[in-house]
Every structure is written in structure tokens, then in C-alpha cells.
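Here the structure comes first, spelled out in C-alpha cells, and everything after it is commentary.
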Amino acid sequence: MRPVAEQLADCGLDGASLLDETRAFIRMFCVFPDEHALNAVTLWAAHTHLVPHVHATPRLALLSPEPASGKTRVLEILELLVPDPQFNVNASTATIFRRLSEKQITLLFDECDTIWQKLGKDDNNEDLRALLNSGYRRGATIPRCTRPHFNVIDFPVFGAVALAGLGDLPDTLMSRSIIIRMRRRAPGEAARAARHPLRRR
């Protein structure tokens with residue numbers, strides 16, 4: 001496969017300039033605790049376009065101790081930038097499995113802390129937790145029986161994932177994540193609503 005830089009050049013695009021433009025775009029609409037967090041989110045957004053060519057994809061974890069810290073806003077801006085986004089609040093795990101088996105999508109989970117609140121035999125999020133924990137590496141699958149004949153199908157679960165929530169994630173997921181500690185905007189820190197065609201470029 002040809003280097004990404006050569007492919008960008010064929011399209012008349014300069015990768016460094018495009019990253020700078022993407023960073024400036026994110027900065028207009030999101031407030032981060034520091035410049036390192038902004039850089040990390042910018043690079044993660046670019047990384048999602050390379051997922052078909054890599055062997056692992058780190059989760060992006062936008063975490064804070066309190067609500068109204070800008071986590072959802074970051075996901076909304078990423079939705080404009082990443083390829084084939086699926087924004088989830090109360091996602092159907094079966095739907096996510098099916099979509100991942102059809103094509104490479106980018107999963108954006110808001111209020112992800114609710115995924116780990118209920119544990120036990122009546123827990124409906126076990127499959128979703130397994131997907132988030134194992135899907136960071138290429139080739140990861142989760143076997144499930146499907147109707148009507150209850151055949152066993154190995155569903156591929158590899159894909160880019162960004163999560164926003166309160167508190168921390170389980171240790172297994174934290175170790176596979178780029179962690180951004182969000183905070184509430186300070187007086188004088190402004191952010192705007194956004195729509196932009198950067199994703200296509």
C-alpha cells in the first residue's frame with residue numbers, strides 16, 4: 001500500500017495543513033484543559049480515517065467529575081469529522097454488532113458511565129462492555145447465536161471508539177484509552193455551534 005502522504009498529495013492535500021485546520025476548527029467549538037488535550041483529540045480524529053490500515057485503535061475517553069464539562073460538545077464536533085459516525089446514548093448492542101459487521105464505523109458514546117452502573121444476571125450491557133474492551137485490536141470478534149436457526153456467528157468488533165462520561169472507566173478500558181480530563185468552561189472561554197465540511201476532505 002502506498003504511503004498516506006503520497007495519497008494525500010495525489011488529492012492535492014497537504015496533510016500537515018489539514019491537521020492544522022482541523023485543530024483550529026475543533027478549538028473554535030470546544031474548550032479543553034490544555035493544548036495537549038486539543039492536540040490529542042485532533043490526532044485521534046485524523047486516526048479514525050486510518051483505522052482500516054492499522055492493527056490497533058486507542059479509545060478516546062472524555063471524562064470529568066461533574067456534568068456540563070464539554071464532553072458531549074467534543075463528541076458532537078467529532079461527529080462532523082470522523083468517517084461513518086454512529087452517535088450513541090442508549091445504543092442497541094445488536095445494532096452496533098450488525099453495523100460493524102457491514103462496514104467500518106466510528107462509535108461515539110455519550111453518558112458511557114451508565115454502561116457500567118448495573119452488573120448482574122439481568123445486565124443488558126455485558127455484550128457492549130465486551131465490544132468496547134476487546135474491539136481495540138484488529139481481528140477481535142465476539143461469538144453470538146443468531147436467529148432463526150441459532151447459528152454461531154463471530155461478529156467483528158474492531159473499530160474506533162470515543163466515550164464521554166462521568167468519573168473513570170473500568171481499568172481494562174482506561175489502559176486502552178487516551179484520557180482527556182474535561183472541565184467546565186471558565187468565564188470568558190467561548191465556544192460556538194458548528195457545521196463544517198472537513199470530514200470529506
Side-chain angles (χ1 to χ4, degrees), residues 26 29-33 37-38 40-41 44-45 47-48 51 56-137 140-147 153 155-185 191 193-194:
I26 295 172
F29 308 105
C30 303
V31 174
F32 293 99
L38 171 60
V41 171
W44 187 86
H47 158 82
T48 62
V51 166
T57 173
R59 277 66 179 102
L60 179 67
L62 304 157
L63 306 175
S64 72
E66 60 184 350
S69 300
K71 302 180 298 297
T72 300
R73 167 59 66 87
V74 176
L75 291 185
E76 291 170 348
I77 297 305
L78 286 173
E79 188 177 17
L80 303 176
L81 298 172
V82 302
D84 294 309
Q86 179 169 316
F87 198 111
N88 304 282
V89 177
N90 292 314
S92 161
T93 306
T95 298
I96 295 172
F97 274 40
R98 294 290 183 185
R99 289 207 64 196
L100 277 170
S101 69
E102 293 167 359
K103 63 177 181 177
Q104 196 76 64
I105 61 175
T106 305
L107 297 170
L108 307 173
F109 284 92
D110 201 6
E111 300 178 9
C112 69
D113 45 288
T114 61
I115 297 173
W116 286 273
Q117 283 183 353
K118 184 179 179 182
L119 299 172
K121 64 180 181 180
D122 297 324
D123 182 12
N124 293 320
N125 289 324
E126 182 180 355
D127 286 346
L128 185 54
R129 287 195 297 273
L131 182 155
L132 295 173
N133 277 323
S134 62
Y136 74 98
R137 60 179 178 82
T141 61
I142 295 179
R144 288 294 176 265
C145 290
T146 60
R147 296 182 179 181
I153 295 179
F155 285 95
V157 292
F158 175 67
V161 177
L163 308 108
L166 299 175
D168 284 347
L169 303 173
D171 291 343
T172 52
L173 199 51
M174 291 286 278
S175 68
R176 294 162 186 166
S177 299
I178 298 167
I179 301 167
I180 308 294
R181 298 289 184 182
M182 300 294 290
R183 59 166 175 78
R184 290 189 175 185
R185 282 204 311 263

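Positions are given from 1 along the sequence.
Looking only at distances, no side-chain donor or acceptor of Gln104 sits under 3.5 Å from a matching main-chain atom of Asp84. Checked by atom type and distance alone, the side chain of Thr106 never pairs as donor or acceptor with a backbone atom of Ala160 at under 3.5 Å. Counting only distance, with no hydrogens or angles, the side chain of Arg176 and the backbone of Asn133 share a donor-acceptor pair below 3.5 Å. With hydrogens and angles disregarded, a donor-acceptor distance shorter than 3.5 Å links the side chain of Asp113 to the backbone of Leu166.
The shortest non-hydrogen separation linking Glu79 to Pro85 is O-CG, 3.4 Å. In terms of heavy-atom proximity, Trp44 sits nearest to Pro58 at NE1-O, 3.0 Å. Of all the heavy atoms in Thr114 and Glu111, the pair that sits closest is OG1-O, 2.8 Å. Closest non-hydrogen pair, Thr57 versus Gly135, comes out as CG2-O, 4.2 Å. Taking every heavy atom of both residues into account, Leu163 and Cys112 meet most closely at CB-SG, 3.7 Å. Heavy-atom minimum distance, Leu131 versus Arg59: O-NH2, 3.7 Å.
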- Item | Steps toward side-chain contact (heavy atoms from CB on, under 4.5 Å) verdict (Gln86, Leu108) | CA-CA 6 Å; Gln86 179 169 316; Leu108 307 173; over 6 Å; no
- Task: Check the pair Val161 / Tyr136 against side-chain contact (heavy atoms from CB on, under 4.5 Å), numbers first and verdict last.
- Result: CA-CA 8 Å; Val161 177; Tyr136 74 98; over 6 Å; no
- Item | Stepwise side-chain contact (heavy atoms from CB on, under 4.5 Å) check, Phe109 with Leu132 | CA-CA 10 Å; Phe109 284 92; Leu132 295 173; 3.7 Å; yes
- Give the intermediate values and the outcome of side-chain contact (heavy atoms from CB on, under 4.5 Å) for residues Val41 and Ile77. CA-CA 10 Å; Val41 171; Ile77 297 305; over 6 Å; no
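In this structure the side chain of His47 never reaches within 4.5 angstrom of the side chain of Ile178, judged on heavy atoms. Contact check for Arg129 versus Pro170: no side-chain heavy atoms found under the 4.5 Å cut-off. Counting heavy atoms from C-beta outward, Thr48 and Leu81 have side chains that stay 4.5 Å or more apart. Between Arg183 and Val31 the shortest side-chain heavy-atom distance falls below 4.5 Å.
If you take CD1 on Ile179 and CG on Leu169, they are separated by 7.5 Å, rounding to the nearest 0.5 Å. Note that CG of Leu38 is 9.5 Å distant from CD1 of Ile180, once rounded to the nearest 0.5 Å. The CZ atom of Phe87 sits 4.5 Å away from atom CG of Leu75, with the distance rounded to the nearest 0.5 Å. Between the CG atom of Leu128 and the CD1 atom of Ile115 there is a distance of 4.5 Å, given to the nearest 0.5 Å. Taken from CD in Glu66 to CE in Met182, the straight-line distance is 11.5 Å, to the nearest 0.5 Å. Note: Asp168 CG to Leu173 CG = 11.0 Å, rounded to the nearest 0.5 Å.
Salt bridge present: Arg73 and Glu76 bring a charged side-chain N and a carboxylate O closer than 4.0 Å.
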